[in-house]
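Notes to accompany the following structure.
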Amino acid sequence: MHTPEWTEQLYQLVDSLPRHQVTSYGALAKAIGGVGPRQVARAMGQLPEDTQLPWHRVIRSDGTLAEHARADEQESRLLADGIPVSRNRVHRRHFHRFN
DNA sequence: CCATTGACCAGCT
DNA sequence: AAGCTGGCCAATG
């Protein structure tokens with residue numbers, strides 16, 4: 001398997017996410033540059049199951065949670081982080097702004 | 001404010 | 001080569 005070279009930067013960005021904030025695949029893609037949101041999403045899906053990265057804080061740009069194998073776990077992790085999720089959606093005010 | 005639609009996207013199988 | 005993704009954005013109602 002071949003991991004793209006931008007993944008290290010992706011991991012660092014995700015790892016630096018403040019505890020009570022979320023971000024989107026697209027926002028990360030922009031912050032990295034030259035990659036698309038779906039590539040970021042795929043990279044998240046490839047993370048090992050026991051990763052320490054807060055992958056659960058990466059959601060869709062419209063605030064809804066994407067549908068994938070660990071979606072339920074994602075919701076409970078967000079709630080455990082103190083990030084409210086109602087009707088499968090996180091409010092915009094919890095999005096992190098990259099500088 | 002929310003939901004839907006359609007064009008665009010890149011990496012699989 | 002067709003079809004499916006952990007998506008995004010703008011436009012629309």
Query raised in the report: Base, sugar-phosphate alone, or nothing: which one does A/Arg89 contact when heavy atoms must sit under 4.0 Å apart?
Result: sugar-phosphate
Report task. Take A/Asp62 and A/Arg89, measure what side-chain contact (heavy atoms from CB on, under 4.5 Å) needs, and give me the verdict at the end. Result -> CA-CA 8 Å; A/Asp62 67 357; A/Arg89 166 166 290 179; 3.8 Å; yes
Query - Distance in angstrom units between A/Arg92 CZ and B/dC2 P, rounded - result: 10 Å
Query - Same-atom distance (P) from B/dC8 to C/dG6, integer angstrom - result: 23 Å
Query raised in the report: Paired with B/dG6: which nucleotide, if any, by Watson-Crick or G-U wobble criteria at under 3.5 Å for both distances?
Result: C/dC9
Report task. Both distances under 3.5 Å, Watson-Crick or G-U wobble: report the partner of B/dG11, or none. Result -> C/dC4
**Report entry** Sub-4.0 Å heavy-atom contacts from residues 33-44 of chain A onto DNA chain C, ordered by number
**Finding:** A/Pro37, A/Arg38, A/Ala41, A/Met44
Query - Interface with DNA chain B, restricted to residues 69-83 of chain A and to heavy atoms under 4.0 Å - result: none
Report task. Begin from the C-alpha positions of A/Trp55 and A/Val14 and carry the test side-chain contact (heavy atoms from CB on, under 4.5 Å) through to its verdict. Result -> CA-CA 7 Å; A/Trp55 54 269; A/Val14 173; 5.5 Å; no
Query raised in the report: Reckon A/Lys30 has a side-chain N or O less than 4.0 Å from the OP1 or OP2 of C/dC9?
Result: yes
**Report entry** Contact under 4.0 Å: A/Ser61 side-chain N or O vs C/dG7 OP1/OP2
**Finding:** no
Query raised in the report: Are a donor atom and an acceptor atom from the side chains of A/His56 and A/Gln74 found within less than 3.5 Å of each other?
Result: no
